[in-house]
Amino acid sequence: MLARDLLGRILFYRTPAGLIAGRIVETEAYTGEADPASHAYRGRTARNAVMFGPAGHAYVYFSYGMHYCLNVVADRPGTAGAVLLRALEPLAGGELMRSRGDRGPEARLLSGPGKIGRAFGLTLDDNGRDFTRGSLGIGAGTPVSDRQVGVSRRIGISRAVELPYRFAVIGSRSVSAKGT
DNA sequence: CCACCGATTGCT
DNA sequence: GCAATCGGTGGT
């Protein structure tokens, strides 16, 4: 499953103000028709259209009137599927990230989907971006063994709560607050 | 056209 | 425990 395989890989963003990068330590999988918690569950709309497009693109959505969350589209065209990036361990650009408002400790600068959006400066303009081209991308990183991967229920949803679609690196200080 | 509500976060 | 904050979505 791609959500699990993204753990350990590097998300990077070359901005005019400098490089920002982090190691992915927490993800969640969202599918389409079979997943009531997915934005794509009720079919294609203007907001979720990117989820039905080619893999390797960014699906960015606006949440709770104040947060921008980043997904990696993960299925073939026509079939909705995406992986929500929930937490990263900061690798570069800490100062730039702090300039956007977070005052917490280094390891917690990217410890939640909304925090990633803020620290990276993402907006709806980033929806649809191609991770395989341009300044926002995903690098190889360091593999994470199955022994280090914790699987659990997704956070913050009210439907399909029982599905084990959340993956996190055990012991990382950068997983989101409610994570284990 | 209108009302509801969320793949969150940070403060009380 | 709960307010902040607003666009997408679906129903009237």
Whole angstroms only, please: what is the [atom1]-[atom2] distance between [X] and [N]?
{"X": "A/Arg47", "N": "C/dG10", "atom1": "CZ", "atom2": "C1'", "answer": "12 Å"}
{"X": "A/Tyr59", "N": "C/dG8", "atom1": "OH", "atom2": "P", "answer": "10 Å"}
{"X": "A/Leu70", "N": "B/dT8", "atom1": "CG", "atom2": "P", "answer": "14 Å"}
{"X": "A/Tyr64", "N": "B/dT9", "atom1": "OH", "atom2": "C1'", "answer": "10 Å"}
{"X": "A/Arg118", "N": "C/dA4", "atom1": "CZ", "atom2": "C1'", "answer": "14 Å"}
{"X": "A/Asn71", "N": "B/dT8", "atom1": "CG", "atom2": "P", "answer": "11 Å"}
{"X": "A/Arg153", "N": "B/dA7", "atom1": "CZ", "atom2": "C1'", "answer": "16 Å"}
{"X": "A/Arg166", "N": "B/dA7", "atom1": "CZ", "atom2": "P", "answer": "16 Å"}

Within the structure, does a side-chain N or O atom of [X] lie under 4.0 Å from either OP1 or OP2 of [N]?
{"X": "A/Arg42", "N": "C/dT9", "answer": "no"}
{"X": "A/Arg44", "N": "C/dG8", "answer": "no"}
{"X": "A/Thr45", "N": "C/dT9", "answer": "yes"}
{"X": "A/Arg103", "N": "B/dG10", "answer": "no"}
{"X": "A/His67", "N": "B/dT9", "answer": "no"}

Reckon [X] touches a base, only the sugar-phosphate, or nothing at all at heavy-atom distances under 4.0 Å?
{"X": "A/Arg154", "value": "nothing"}
{"X": "A/Gly114", "value": "sugar-phosphate"}
{"X": "A/Phe62", "value": "sugar-phosphate"}

Next on the checklist: What's the separation between atom CG in A/Leu122 and atom NE2 in A/His67, rounded to the nearest 0.5 Å?
Outcome noted: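 It is 13.5 Å, given to the nearest 0.5 Å.
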Next on the checklist: With rounding to the closest Å, how many angstrom separate the P atoms on B/dC2 and C/dT5?
Outcome noted: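 23 Å, rounded to whole Å.
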Item to check | Gap in Å between the two C1' atoms, one belonging to B/dG10 and one to C/dG7, rounded | outcome: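 Roughly 22 Å separates the two C1' atoms.
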Item to check | A/Tyr41, OH: over 12 other non-hydrogen atoms inside 6.0 angstrom | outcome: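 For A/Tyr41, atom OH is not crowded (no more than 12 foreign heavy atoms under 6.0 Å).
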Looking at [options], which one has an atom nearest to any side-chain atom of [X]?
{"X": "A/Met51", "options": "C/dT9, B/dA7, B/dG10", "result": "B/dA7"}
{"X": "A/Leu124", "options": "B/dT9, B/dA7, C/dG8", "result": "C/dG8"}
{"X": "A/Ile157", "options": "B/dA7, C/dT5, B/dT9", "result": "B/dA7"}
{"X": "A/Tyr30", "options": "B/dA7, C/dT9, B/dG10", "result": "B/dA7"}
{"X": "A/Tyr61", "options": "B/dT9, B/dA7, C/dG8", "result": "B/dA7"}
{"X": "A/Met66", "options": "B/dT9, C/dT5, C/dT9", "result": "C/dT5"}
{"X": "A/Pro113", "options": "B/dT9, B/dA7, B/dG10", "result": "B/dT9"}

Next on the checklist: With a 3.5 Å limit on both atom pairs, tell me what B/dA7 is paired to, counting Watson-Crick and G-U wobble, or say none.
Outcome noted: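 Pairing partner: none.
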Checklist entry - If pairing requires Watson-Crick or G-U wobble contacts with both distances under 3.5 Å, which nucleotide is the partner of C/dT5? => result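 Its partner: none found.
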Checklist entry - Could you walk me through whether A/Leu11 and A/Phe131 pass the side chain to side chain contact (heavy atoms under 4.5 Å, CB included) check? => result CA-CA 9 Å; A/Leu11 177 70; A/Phe131 282 109; 3.8 Å; yes
Next on the checklist: Does A/Met51 form a side chain to side chain contact (heavy atoms under 4.5 Å, CB included) with A/Ser38? I'd like the steps, not just the answer.
Outcome noted: CA-CA 10 Å; A/Met51 279 184 78; A/Ser38 172; 3.6 Å; yes
Checklist entry - Is the A/Phe120 ring parallel, tilted or perpendicular to the A/Tyr13 ring (thresholds 30°, 60°)? => result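 It falls in the parallel class, under 30°.
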Item to check | Contact check, side chains of A/Thr27 and A/Leu85, non-hydrogen atoms, under 4.5 Å | outcome: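 Side chain of A/Thr27 against side chain of A/Leu85, heavy atoms only: contact under 4.5 Å found.
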Next on the checklist: Is it the case that the side chains of A/Arg129 and A/Ser135 hold a donor-acceptor pair, with the cut-off being a distance below 3.5 Å and no angle test?
Outcome noted: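 Note: A/Ser135 and A/Arg129 side chains meet the donor-acceptor criterion.
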